[in-house]
Amino acid sequence: MHARAARVNSSELDRAVEVLRSGGLVAFPTETVYGLGADAAHPEAVRKIYAAKGRPPDHPLIVHLADSAGAAAWASEIPAAAERLAQRFWPGPLTLVLQRARAVNDIVTGGQDTIALRVPSHPIAHALLEAFGGGIAAPSANRYGRISATTAEHVRNDLGGAVDYVLDGGPCEVGIESTIVDLSGSQPALLRPGNITADAIEEVLGFRLAAAGAASPRAPGMLAKHYAPQTPLMLMEGDLLVELATSMTRQGSKVAVLARSQMQPLLKGITWIAASNDPPAYAHDLYANLRALDSAGCSAILVEVAPPEAAWAAVRDRLTRAVAGSPPP
Ligand code: TXA
Ligand code: MG
């Protein structure tokens, strides 16, 4: 990965704003993953996002804002719990689902009566939002169902000419998508785990979050199959992983491994990535690691299961979906 300052020059920013104003698509870095942005108030522009990603049109998008004051234009009501979470975690990797304002176009909400809002902390995302002056609708900048993009290069590889302009801010700091909390109903619920843990949110709220249930708004992006590599991916305990990697290699298969340690014995011919034992550091590299292993030309990717502790919840979530979305071995 190349190091690049989390900054762009003013002509790059001007160009990006121009593209957004003329109804085009701009990919931009956020602290979580790269977003594929369009003017959220411009239905034709938002429609291009779905076409570029190959995403079904009823999957709602997150509207990104420069600051929390902007939320009033998109949500009909901001409950006290939402105010408290925004105060504590915005700008940052938290998305709040609220009752939508009437003026919001159905193309953004997927026809639901709720809206997802986020104020990102990444300096480039923030500068873009400030300069643009409106809401930017943006899903993760990957092809539908595939691994999210955490570098500008990932975006270009996935979406190529479908994006009008890419702002390059280097690798994303968090590396996995924002935590999503639904505050549109009577009981706040966790819709997607992320770097901001359920514990941290509950501490601010002063009560427990509900699990996403039947009463929660539909979050179609949370389908079981997601973040999927094109190589079969299998999750297993470390000792089983070593055994299987060894026997597959002996039988002449090329095997890729994502484990949390450099396990012994080191076998020749295995593409082995030793990831961190620290959940945020593991998450930071997760998608780049999966992409690297996916393009290594192996017949399977064996991934060591994440530990059961709460701190690993977001990583476990992404790994489980990646398995469900990958082709059968
Ligand atoms: O970190 C992130 O959240 C990144 C960056 C770019 O901000 N964005 C992102 O967007 O991950 P996307 O579209 O890939 O995932 C958004 C998720 C989807 O699962 C979608 O279904 C859900 O949010 N969502 C959006 N609007 C919603 C709504 N009104 N109600 C419930 N879920 C919603
Ligand atoms: Mg996504």
Side-chain angles (χ1 to χ4, degrees), residues 4-46 48-49 52-53 60-75 78 82-83 85-98 100-101 103-105 107-109 115-141 148-150 152 155 159 163-174 177-180 194-196:
R4 193 185 198 281
R7 242 167 253 275
V8 287
N9 64 42
S10 63
S11 69
E12 289 174 296
L13 203 60
D14 289 349
R15 176 82 188 108
V17 170
E18 216 176 276
V19 169
L20 287 175
R21 296 224 167 107
S22 61
L25 299 184
V26 173
F28 62 98
T30 81
E31 67 277 25
T32 58
V33 298
Y34 275 72
L36 178 63
D39 179 353
H42 191 318
E44 282 317 309
V46 176
K48 289 182 195 164
I49 293 178
K53 280 191 61 118
L61 301 173
I62 298 171
V63 174
H64 297 70
L65 303 167
D67 50 51
S68 55
W74 299 89
I78 300 169
E83 297 263 15
L85 291 178
Q87 179 97 36
R88 171 67 183 83
F89 296 113
W90 281 356
L94 176 69
T95 296
L96 300 179
V97 172
L98 304 170
R100 68 188 267 190
V104 182
N105 196 282
I107 188 80
V108 176
T109 65
I115 179 91
L117 299 176
R118 178 160 110 78
V119 176
S121 63
H122 194 290
I124 294 176
H126 183 75
L128 178 67
L129 286 158
E130 283 254 284
F132 176 61
I136 299 179
S140 50
S148 297
T150 54
V155 177
L159 300 171
V163 193
D164 298 301
Y165 196 65
V166 181
L167 285 170
D168 186 348
C172 299
E173 198 183 320
V174 174
E177 305 78 0
S178 60
T179 305
I180 306 181
N195 188 55
I196 296 178

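Just the heavy atoms: all of them, side chains too, but no hydrogens, waters or symmetry mates, feed the values below. Not measured: the values here are computed from a predicted model.
Of all heavy-atom pairs between Leu65 and Gly135, the closest is CD2-CA, 4.0 Å. Contact record, Ala45 with Ala38: O-CB, 3.7 Å, taken as the closest heavy-atom pair. For the residue pair Val119 and Ser68, the shortest heavy atom distance occurs at CG2-N, 3.9 Å. Annotation for Tyr34 and Gly170: closest pair OH-O, 2.7 Å, computed over non-hydrogen atoms. Counting all heavy atoms, side chain and backbone alike, Leu129 lies closest to Gly134 at CD2-O, 3.9 Å. Between Ala116 and Val97, the shortest heavy-atom contact is CB-CG2, 4.1 Å.
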For Leu98 and Trp74, what are the C-alpha separation, side-chain angles and deciding distance, and is it a side-chain contact (heavy atoms from CB on, under 4.5 Å)?
CA-CA 9 Å; Leu98 304 170; Trp74 299 89; over 6 Å; no
Which is it for Leu36 and Leu159 under the side-chain contact (heavy atoms from CB on, under 4.5 Å) test, yes or no, and what are the steps along the way?
CA-CA 9 Å; Leu36 178 63; Leu159 300 171; 4.0 Å; yes
Could you go step by step and tell me if Leu96 and Trp90 meet the side-chain contact (heavy atoms from CB on, under 4.5 Å) rule?
CA-CA 10 Å; Leu96 300 179; Trp90 281 356; 3.8 Å; yes
For Leu128 and Leu20, what are the C-alpha separation, side-chain angles and deciding distance, and is it a side-chain contact (heavy atoms from CB on, under 4.5 Å)?
CA-CA 10 Å; Leu128 178 67; Leu20 287 175; 4.0 Å; yes
So Ser178 and Thr32, side chain to side chain donor-acceptor pair (under 3.5 Å) or not? Walk me through it.
CA-CA 6 Å; Ser178 60; Thr32 58; 5.7 Å; no
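Looking at Ile136 and Phe28, their side chains come closer than 4.5 Å, going by heavy atoms from C-beta outward. Residues Asn105 and Val46 form no side-chain contact, since every pair of their non-hydrogen atoms from C-beta on lies 4.5 Å or further apart. Looking at Pro171 and Thr150, their side chains never come closer than 4.5 Å, going by heavy atoms from C-beta outward. The closest side-chain heavy-atom distance from His126 to Pro91 is not below 4.5 Å.
Using a 4.0 Å cut-off between a side-chain N of Lys or Arg and a carboxylate O of Asp or Glu, Glu31 and Arg118 qualify as a salt bridge.
Ser11 pairs by the side chain to side chain donor-acceptor pair (under 3.5 Å) definition with Asn9, not counting sequence neighbours. Residues satisfying the side chain to side chain donor-acceptor pair (under 3.5 Å) criterion with Glu44, sequence neighbours excluded, are Arg47.
Judged purely by distance below 3.5 Å, without hydrogens or angles, the side chains of Ser148 and Glu177 pair a donor atom with an acceptor atom.
Taking CD from Glu12 and CD1 from Ile124, the interatomic distance works out to 8.0 Å, rounded to the nearest 0.5 Å. Going from atom NZ of Lys53 over to atom CG of Leu25 covers 11.5 Å, rounded to the nearest 0.5 Å. Interatomic distance, Lys48 NZ to Asp39 CG, rounded to the nearest 0.5 Å: 10.5 Å. Here CG of Leu85 is found 9.0 Å from CD1 of Ile196. Values are rounded to the nearest 0.5 Å.
Applying the side chain to side chain donor-acceptor pair (under 3.5 Å) test to every pair with at least one member in residues 15-27, sequence neighbours left out, gives these pairs: Arg15-Glu18.
Counting only distance, with no hydrogens or angles, the side chain of Thr95 and the backbone of Ile180 share no donor-acceptor pair below 3.5 Å. The closest donor-acceptor contact from the side chain of Asp14 to the backbone of Val17 lies at 3.5 Å or more, if one exists at all.
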